[in-house]
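Each chain gets a letter, A, B and so on, in the order the sequences are listed, and its residues count up from 1.
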Amino acid sequence: MSDFKFSKEHEWLKVEGGIATIGITKHATEMLGDIVFVELPDVGSSVEKDGNAGVVESTKAASDVYTPISGEVVENNQAIVDDPAKINSDPENGAWFFKLKIKDKTEIDSLMNKEEYEKFAKESGS
Amino acid sequence: MYRWVERVNVGIKKTSLNKLHKEYQAKFVEFAGYEMPIQYKEGIIEEHKFTRAKSGIFDVSHMGQLFIYGEEDLVKDLEKIFPLDLQNLKTNHSKYSFLMNDAAGIHDDLIITKLESCFLIILNAACKENDFEILKQLLNNKYKMVLDEKRSLIAIQGPKSAEILNQIINNTTSLSFMNGDWFEYENQKIFVTRSGYTGEDGFEVSLSNDLAEQFTKRLINKGAKLIGLGARDTLRLEAGLCLYGHELDIKKTPVESNLKWAMSKVRVSNGGFIGSKIISDQLINGTKQIRVGIKPEGKVIAREKTKIFNDSELLIGEVTSGTFGPSVNGPVAMGYVDNKFSEKNTKIFLEIRGKKYPANICGLPFYKKNYVKGANK
């Protein structure tokens, strides 16, 4: 997971070529509890760094999903829409949320690496 | 990503099972001034399903256990408050009811049980102190009233509960629904009723705080599991049961909340209780709004305060509770709509994050009840 980057809003991001795959962290899923609904941004839509890019709902509450970087949505993961429980079981791999065509690579620089994120998640307790 | 964080305050009240909740890795929330478990490590869906399949233990010790002592006069005075036929209520029998104001607005919903020379009233945690003051005033301070903080209240719910409890307290299976009795446990008197709020067969056990933990451990040893408030909410919602502060509040009446079944027909027609004039008027003339079940067509969850529209985009009401129902395996909700649009199968639209999603008015409960009406042999 060394090539993963993380946001303070508990999203992960993995870059391959000009495309970033984005999902929510295991830590986030543990805090949310059982996820029962997910809404993803449409393919072809543009999202802005730190802007809304979907919703996840657990049995407890609805939470916004934010995108850690800007770009155009090139793919979204219908498998998690059909079976949101996958987000709890495989959050940092199969249950990715959407893929972006990266707009500005420098936006990735401000994100945390795995170690930094783990420290952040532990300290923020949220 | 999530903004849902609940902090635990200093000076928060704890129940006698707090240590046990921690041992079982509870996640806590503050609820009505108490540190209560929202879920344990398996999560809400597993806890919900376990209760429906086997037996769940719920710490409801935060709820008020109010004992009011008195004889014939008390029965008459309580009838001036509650829309119940208390004169004909047998000892050890329970009724669901409400404490209302003059406008029939609901201060609290409650379970009242007639005991030998007293009544036991189970009150919502957030309302119990206010209820106590209201009742004290309404009863003119004539009777001894004890809001007993020395007793815990533990609910055991689900199809295996009768079998499990009977291994610990013999003969509890003889109780029928909404019926209770005193039993001997560790040389103390404990009060057990066959009741609950999950749509399952079950019991509520009132016992002294010092027995609560060991009693609960024995239930766990017999195969029951601790269940948090999260699953309690999904269970009661599937069962179509109201939660105070959501479906019920001071601005809603029992007629609007579709709870007229809980009022004695004789008492309602004769009147003479607080709010009775409004109740009769509403029963004759109807109400503007009424509580209904709501089944969204897709997977989207309509949370509390979601606006409800009819098929010609007229705002007709609001959701009061909404979640994912694990046994229904889909979203479920309750809310209030304009009476004109309250018929079952009426197509409605729920406005969620700016988009309108189709749903239908439906009957309640979402999940069929499994109460035991008659006593087991």
For [X], I'd like to know if atom [atom1] has over 12 heavy atoms of other residues, nucleotides or ligands within 6.0 Å.
{"X": "B/Lys356", "atom1": "NZ", "value": "yes"}
{"X": "A/Lys101", "atom1": "NZ", "value": "no"}
{"X": "A/Lys99", "atom1": "NZ", "value": "yes"}
{"X": "B/Lys13", "atom1": "NZ", "value": "yes"}
{"X": "B/Lys27", "atom1": "NZ", "value": "yes"}

Structural part of A/Thr25 lying under 4.5 Å from a heavy atom of chain B | neither
Value for CD (B/Gln39) from CG (A/Asp34), rounded to nearest 0.5 Å, stands at 6.5 Å
Going from OG1 on A/Thr59 to CG on B/Leu237, what distance comes out if it is rounded to the nearest 0.5 angstrom?
-> 12.0 Å
For chain B, find which of A/Glu30, A/Glu57, A/Glu39 contributes the most heavy-atom pairs closer than 4.5 angstrom.
-> A/Glu57
Verify, without hydrogens or angle tests, whether B/Lys299 (side chain) and A/Val38 (backbone) share a donor-acceptor contact under 3.5 angstrom.
-> no
Member of B/Ile45, B/Asn329, B/Thr234 meeting the side chain to side chain contact (heavy atoms under 4.5 Å, CB included) criterion with A/Val36 = B/Ile45
